[in-house]
Structures are given as structure tokens and as C-alpha cells.
Engineer: 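A single structure is presented below for examination.
Because the structure is a prediction, the values reported are computed rather than measured. Note: hydrogens, waters and symmetry copies are ignored here, and every other heavy atom, side chains too, is used.
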Amino acid sequence: MIATADDYRWMARALELAARGLLTTTPNPRVGCVIVRQGEMVGEGWHARAGEPHAEVHALAMAGERALSATAYVTLEPCSHYGRTPPCAEALVKAGVSRVVAAMEDPNPLVAGRGLARLREAGIITLAGVQEAEARELNIGFISRMTRGRPWLRLKAAATLDGKTALENGVSQWITGDDARRDAHRWRARSCAVLTGIGTVRDDDPQLNVRAVPTERQPLRVVVDARLETPLNARLLDGGPVLVAAAINDADRIAALQRRGAEVVILPDKGGKVDLPALMRELGRRGLNEVLAESGFKLNGSLLREGCVDELILYLAPALVGDAARGLFNLPALTSLADKRALAFHDVRIVGRDLRVIARPE
């Protein structure tokens, strides 16, 4: 079956609805649904929070009896299993819809095509792949966790136009303007966790919470601290969950951090540092879909070298501070340009007075 112009039109609306759960659905995917009968929207809804009704349930409740012989547009394949809520595929069958259009199949192994198969078994016409690229971007972290067992990691940094993140003496506040910093808080708000290193904690004493934009949920704060040197008076320990990833098992230091409300996980690599890929897997195991790294050039470089970075968000200020200032990434010197790390621009735009570049490793 070939998608029609109306299919794209209504799926675009379903994607708009799904985006309303951008800050709240974790660990679940963001999903929207529109019910259309004879060219008229009769029901719509989106998934807001884990444990609450899914998008299809909200849309069907609004549609009522008008769902009979209608088309349901869903941004993700309807679930076919019992989790915190009953399967949406069965709800669509019971409502008597005649056709279901999904933007993409569900990468969750518990679903993975079974939802659409159940609909077809019930005689419902199905079509998948309408605006799939947009749907995948909306749930890129959920897809990463389902298919790779680890979250989608964005590395965010602010720098001058000559690529410097701080002066030689460590001063870094503020390189970019208010608009860029507010935009960075939006990325924090949609993330399940914000990750930083012990160097940033010591030098900047960040809070790593969402302040500049409204949100009802704060991300987990994750500190890469191999030797358990996080100061007990660090501001990020004041309220909200904190996970410290260490490489040593020092009972006294662990107990002190636990008394401040932090959880400690021991993940050493062969060099006595934190095993960063293992940390990514641990975060995936905990149900984290998207992680935002806000760290210094040493951890930035380590995350890149270890293959943990999926996306770079760079805010570039229209200023120059000279060669002696600190750079973005602690990476080894190259002897050949053939060894450079190639990136693909994903989005480039002006934010206030600064330039925001989003790029992904090729």
C-alpha cells in the first residue's frame, strides 16, 4: 500500500502530539496518535508519562464510537504486550478501526512487529514507514537503548570561534550569551541524565539541573570520578538523584557520598579509570534514553576516544581568546589528515548572538 498525502498530513499531526511528551515520557518513547474517519479528526492523544495511558488509549477515548472503520495514525507501532498498561493493539482491534498507519516499527524486542501483525490478524489494514525519519529523531534515545543497550549520548560544549572553552587560568563563565545557555537547558530538560567529570565539579561546582526552562522532572546527575574525589559540599549533591561512577572501592568515601544522597557504582577499566562504555551500558540498564555530557576537555576527549559520543552540540561565541586557552577535546596529535574524526552537520543555526552546531560522527 502506498501512503497518500492525507497520510502524511495526519502523521505530521501525530508527531506534533508526540513531541508534547518530550520532557516527561522517559523511560517510555514519545508517541502521538490521531484517529481519522471520513477525512475528519475524531480523536487524538499522546503519551505523557510512564504508567499512564498510551497515546492510542487517549485518542480512542476521545473518538468513542466514531473510531469504528476509522484510520489510526500512530508515530510508533502499537504495543502488543502487557506492561504497566494493556496492549494498544488490542484496544485498536476492539474499537473496530479499519486501518492503522505507523511511522515506524517498535524497536522494543517485546513488540518488534508483533503489534502490526496482531492488527493484520484481526483484518486491519496496516502501513508502516510514513515519516519514519522524523519519528526516529523524536525517539532516538529510546531506539538506541532498545537496539544497542545504551543511551544516546550528546556532548554539549560552549567555545569561542577559535575553539577554546576556557582561559588558561580556567575561567570559562560566560563564553556564550543568555540565549545559548537557555537553549542548553532545553537539552538538559529532555535528557534522562546530565553527565560530567570530577574536574568540572571541582573547578566550576555546577548544579547540573534545569533552571532556565519550565520542567516537572530533573535529570539524574552522573559524575565520572575515578578516585571518589567529589567534594561533599558540591552543589550537585544538594537535592535530586546523583550517580557517581568510580574506579576504586573505597568504603569510607562511598559511605560519605551515600550519606549525601549519592549512589556509587564501581566500573574500573584496565588503566584504573572509569570504564566509559561500561558506564553507558549501566545507564542503559537503568532505563536512560538520552544523556547530555557537559564536561571538560579531558573527559570530552575520553568520551570521543571510547566511542561513546553520538552527537555534538557546540555553541560557538563570536570571539577569539588565543592559542594558550583551553580547547574542546583532549585528543592525541595526528600525523595524517586521513586520521581525522569526520563529522556530519545535522543542524546549524544562530541562537541569540551565538552559533549552534549539531554534528554527528560519520
Side-chain angles (χ1 to χ4, degrees), residues 19 22-23 133-134 136-138 140-141 144 151-191 193-197 199-200 203-204 206-215 219 290-305 307-331 333-334 337 339-362:
L22 190 69
L23 309 185
E134 292 84 350
R136 294 183 71 87
E137 284 294 326
L138 190 62
I140 199 164
S144 174
W152 182 266
L153 180 76
R154 297 183 176 96
L155 193 159
K156 172 244 146 183
T160 57
L161 206 56
D162 49 352
K164 303 301 181 180
T165 61
L167 300 181
E168 190 176 12
N169 61 10
V171 173
S172 62
Q173 296 179 336
W174 296 100
I175 287 177
T176 54
D178 291 342
D179 291 323
R181 292 196 295 275
R182 191 176 302 110
D183 188 69
H185 274 255
R186 293 189 183 96
W187 290 104
R188 280 188 188 179
R190 69 173 287 172
S191 300
V194 179
L195 180 147
T196 195
T200 299
D203 294 344
D204 298 339
Q207 297 180 68
L208 295 184
N209 56 7
V210 182
R211 302 182 302 278
V213 297
T215 183
E290 299 179 15
V291 174
L292 183 68
E294 299 189 31
S295 50
F297 83 111
K298 289 183 179 179
L299 182 54
N300 286 350
S302 296
L303 288 167
L304 276 171
R305 287 196 305 273
C308 297
V309 177
D310 298 303
E311 187 169 279
L312 297 171
I313 303 177
L314 303 180
Y315 296 93
L316 300 177
L320 306 171
V321 294
D323 187 60
R326 299 181 185 180
L328 280 163
F329 308 105
N330 182 23
L331 294 171
L334 302 180
L337 282 175
D339 297 326
K340 67 181 182 295
R341 295 174 184 271
L343 304 171
F345 288 128
H346 183 69
D347 184 82
V348 179
R349 67 182 64 189
I350 298 293
V351 178
R353 65 179 182 84
D354 303 304
L355 179 69
R356 190 189 74 188
V357 176
I358 299 179
R360 295 175 180 175
E362 288 188 341

Engineer: Work out which heavy atom in Leu23 is nearest to a heavy atom in Pro214; give both atom names and the distance.
Structural biologist: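 The pair with the smallest heavy-atom distance is CD1-O, 3.9 Å.
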
Engineer: What's the spacing between Asp179 CG and Arg353 CZ if we round to 0.5 Å?
Structural biologist: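 Interatomic distance, Asp179 CG to Arg353 CZ, rounded to 0.5 Å: 9.5 Å.
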
Engineer: Is there side-chain contact between Val357 and Leu312, with at least one heavy-atom pair below 4.5 Å?
Structural biologist: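 They are not in contact (no side-chain heavy atoms under 4.5 Å apart), so the answer is no.
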
Engineer: How far does CG of Leu299 sit from CG of Asn330, to the nearest 0.5 angstrom?
Structural biologist: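 With rounding to 0.5 Å, CG (Leu299) is 10.5 Å from CG (Asn330).
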
Engineer: Roughly how far, to the nearest 0.5 Å, is the CG atom of Asn300 from the CD atom of Glu294?
Structural biologist: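 Reported value, rounded in 0.5 Å steps: 10.0 Å.
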
Engineer: On a heavy-atom basis, which atom in Val194 and which in Pro219 lie closest, and how many Å separate them?
Structural biologist: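 Val194 and Pro219 have their closest heavy atoms at CG2-CG, 3.7 Å.
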
Engineer: If I compare all heavy atoms of Leu343 with all of Ala359, which pair ends up nearest, and what's the gap?
Structural biologist: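 Shortest heavy-atom contact: CB-CB, 4.1 Å.
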
Engineer: Answer whether the closest heavy-atom distance between the side chains of Leu22 and Leu138 falls below 4.5 Å.
Structural biologist: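 Touching, per the 4.5 Å side-chain cut-off.
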
Engineer: Is it the case that the side chain of His346 and the backbone of Ile358 share a donor-acceptor pair, with hydrogens and angles ignored and the cut-off at 3.5 Å?
Structural biologist: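 Not a single qualifying donor-acceptor pair exists.
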
Engineer: For Ser302 and Arg305, does a side-chain donor sit closer than 3.5 Å to a side-chain acceptor?
Structural biologist: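 Side-chain D/A pair, Ser302 to Arg305: present.
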
Engineer: I'd like to know if the side chain of Thr200 reaches the main chain of Ser295, judged simply by a donor and an acceptor atom lying under 3.5 Å from each other, with no hydrogens or angles considered.
Structural biologist: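 No; zero donor-acceptor contacts below 3.5 Å.
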
Engineer: For the OH atom of Tyr315 and the CG atom of Leu355, what is their distance to the nearest 0.5 Å?
Structural biologist: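 Interatomic distance, Tyr315 OH to Leu355 CG, rounded to 0.5 Å: 11.0 Å.
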
Engineer: Salt bridge (charged side-chain N to carboxylate O under 4.0 Å, His left out) with Arg136: which residues, sequence neighbours excluded?
Structural biologist: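 Checked Arg136 against salt bridge (charged side-chain N to carboxylate O under 4.0 Å, His left out); matches are Glu132.
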
Engineer: Less than 4.5 Å apart, any side-chain heavy atom of Arg154 and any of Trp187?
Structural biologist: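 Contact flag for Arg154/Trp187 side chains = yes.
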
Engineer: What is the distance from atom CG of Leu292 to atom OG1 of Thr196, rounded to the nearest 0.5 Å?
Structural biologist: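 Separation between the atoms: 10.0 Å.
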
Engineer: Is it the case that the side chain of Arg356 and the backbone of Ala180 share a donor-acceptor pair, with hydrogens and angles ignored and the cut-off at 3.5 Å?
Structural biologist: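 No, because the side chain of Arg356 does not come within donor-acceptor range (under 3.5 Å) of the backbone of Ala180.
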
Engineer: CZ/Arg341 to CG/Leu304 distance, rounded to the nearest 0.5 angstrom?
Structural biologist: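 The CG atom of Leu304 is 6.0 Å from CZ of Arg341, to the nearest 0.5 Å.
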
Engineer: Where is the tightest heavy-atom contact between His185 and Ala212, given as atom of each residue plus distance?
Structural biologist: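 Heavy atoms only, the tightest pair is ND1-N, 3.4 Å.
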
Engineer: Can you name the nearest heavy-atom pair linking Pro151 to Asp310, along with the distance?
Structural biologist: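 Of all heavy-atom pairs spanning Pro151 and Asp310, the closest is O-OD2, 3.7 Å.
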
Engineer: Please assess Leu195 against Leu303 for the test side chain to side chain contact (heavy atoms under 4.5 Å, CB included), listing each intermediate value before the final yes or no.
Structural biologist: CA-CA 11 Å; Leu195 180 147; Leu303 288 167; 4.2 Å; yes

Engineer: Specify the closest pair of heavy atoms between Gly141 and Glu290, including all atoms of both residues, with the distance to one decimal.
Structural biologist: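 Closest heavy-atom pair between Gly141 and Glu290: CA-CG, 3.8 Å.
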
Engineer: Has Arg188 got a side-chain atom pairing as donor or acceptor with Asn209's backbone, closer than 3.5 angstrom?
Structural biologist: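 The answer is yes, because a donor-acceptor pair under 3.5 Å joins these two groups.
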
